[in-house]
Amino acid sequence: INPKRLDLEKESSLVFDEVYEFLPQQIKLHSDSIDDKKNREFFILPAFVALGSLLPSIKIKVRGNDYHPSLLGILIAPSGTGKGTMQEALKYVTLVDDEKRSKNSTKTKDDNTRYALQFSGDISGAALGLLLQSNPEGGLIFETEAQTLSKNLSSDWGQFSDIIRNAYDHAKISSDKINGVSYFVKHPILSVMVSGTPGQLEPLFSNTEDGSFNRYLFYIDESDFQFKPEKYDSEYGGKDSIQLEDVGKKLYDFYKSRE
């Protein structure tokens, strides 16, 4: 949505106030603690993507197939406008991710299983396939620099856009290569959240015909640029951090109860 094209007021929000009233309790508690209106907008889409990655047991039937709330999101805005706020949503998944990774220390040397909830965007297609095989309940790629993802999508060893497309529809992904990596995931679950500047958007999509483009939810801010200087922790106080820790703990307990 472009505020200028809709002829809205200069300060108009891309997220209407009514949206915040109907947010899930955990997200609303978090969003209410963000005073700046634009930063609060930058938080909403990443929050839904992160929250969806914690709900692998939730599914609905669409055309006879099971779909999970695993979303693909892209946030595009000029540099220096506060996109870093999206990192707040990572506090939703930290406890679950930490617990999963702790299992890696007990593996045997020959075990290729890699437990995690959060996957790096700096990854090869083979490594992503193995991670999805190791974590059938799903994973989350969460990158604040779109270039981290795009440089791998355009590389010979990256090329995992097909895995993302298949995972969006929970369609089988597999690879069987002689002297190479083999994996088979019947029902992959993958959430993706990426942010970047307008110039970083095009490299993410080599074309609009392979189906990648229409699988993503976009938040594109083209309003007038306003630089936002960094704030020190003392300007925020400790109340918000405590609230976020509480929300993360509640989501962790919910995730464990649905295993």
Side-chain angles (χ1 to χ4, degrees), residues 1-6 8-54 69 71-95 97 118 121 140-149 191-201 204 216-251:
I1 301 175
N2 185 335
K4 294 179 180 178
R5 293 174 186 169
L6 292 178
L8 300 176
E9 295 180 4
K10 182 179 179 181
E11 294 79 18
S12 263
S13 169
L14 293 182
V15 180
F16 297 110
D17 291 338
E18 290 80 1
V19 171
Y20 298 102
E21 298 302 317
F22 294 97
L23 290 175
Q25 182 180 2
Q26 291 85 355
I27 295 182
K28 188 175 189 308
L29 176 65
H30 195 159
S31 67
D32 287 348
S33 71
I34 302 174
D35 295 329
D36 184 85
K37 192 171 186 179
K38 182 62 68 177
N39 283 350
R40 192 159 61 245
E41 289 185 18
F42 288 160
F43 165 74
I44 291 299
L45 178 55
F48 272 108
V49 174
L51 184 61
S53 72
L54 295 172
L71 305 175
L72 310 180
I74 294 180
L75 189 160
I76 298 296
S79 60
T81 52
K83 295 188 300 299
T85 305
M86 68 177 277
Q87 295 188 79
E88 294 294 302
L90 282 178
K91 295 176 181 178
Y92 290 176
V93 304
T94 298
L95 290 177
D97 187 54
Q118 190 179 347
L140 167 67
I141 293 177
F142 197 103
E143 294 291 347
T144 57
E145 289 294 336
Q147 190 175 6
T148 303
L149 200 64
S191 303
V192 179
M193 184 66 222
V194 182
S195 73
T197 59
Q200 294 177 321
L201 176 59
L204 285 172
Y216 282 85
L217 296 170
F218 288 88
Y219 177 105
I220 301 180
D221 178 27
E222 295 181 314
S223 57
D224 292 340
F225 171 79
Q226 290 185 342
F227 178 78
K228 294 182 179 178
E230 293 292 332
K231 291 185 178 182
Y232 295 101
D233 289 343
S234 60
E235 296 182 59
Y236 290 105
K239 180 181 178 182
D240 292 348
S241 297
I242 294 174
Q243 284 183 334
L244 299 183
E245 290 177 2
D246 289 344
V247 172
K249 181 61 168 60
K250 289 178 180 178
L251 290 173

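Quick note: numbers below take in every heavy atom, side chains included, and nothing from hydrogens, waters or symmetry partners.
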Is there a side-chain contact between [X] and [Y] in this structure, where contact means two heavy atoms from C-beta onward sitting under 4.5 Å apart?
{"X": "Leu75", "Y": "Met193", "result": "yes"}
{"X": "Leu23", "Y": "Ile44", "result": "yes"}
{"X": "Leu90", "Y": "Gln118", "result": "yes"}
{"X": "Lys91", "Y": "Val247", "result": "no"}
{"X": "Asp97", "Y": "Leu140", "result": "no"}
{"X": "Ile76", "Y": "Pro198", "result": "yes"}
{"X": "Ile27", "Y": "Phe43", "result": "yes"}
{"X": "Asp221", "Y": "Tyr219", "result": "yes"}

- Note on the structure: Heavy-atom nearest pair, Gly73 first then Leu45, reads CA-CD2, 4.2 Å
- Note on the structure: Nearest heavy-atom contact between Gln87 and Phe142 is CA-CE2, 4.3 Å
When rounded to the nearest 0.5 angstrom, what distance separates [atom1] in [X] from [atom2] in [Y]?
{"X": "Phe48", "Y": "Tyr92", "atom1": "CZ", "atom2": "OH", "value": "9.0 Å"}
{"X": "Phe42", "Y": "Glu88", "atom1": "CZ", "atom2": "CD", "value": "14.0 Å"}
{"X": "Glu41", "Y": "Ser31", "atom1": "CD", "atom2": "OG", "value": "11.5 Å"}
{"X": "Thr144", "Y": "Met86", "atom1": "OG1", "atom2": "CE", "value": "6.5 Å"}
{"X": "Ser53", "Y": "Ile141", "atom1": "OG", "atom2": "CD1", "value": "11.5 Å"}
{"X": "Ile74", "Y": "Leu217", "atom1": "CD1", "atom2": "CG", "value": "9.5 Å"}

- Report yes or no: does Glu143 contribute a side-chain atom to a donor-acceptor pair with the main-chain N or O of Gly121 at less than 3.5 Å?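 Between the backbone of Gly121 and the side chain of Glu143 there is a qualifying donor-acceptor contact (under 3.5 Å).
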- Do any N or O atoms from the side chain of Lys38 and from the backbone of Lys83 form a donor-acceptor pair under 3.5 angstrom? no
- Item | Derivation of the side chain to side chain contact (heavy atoms under 4.5 Å, CB included) call for Ser191 and Leu71 | CA-CA 5 Å; Ser191 303; Leu71 305 175; 5.7 Å; no
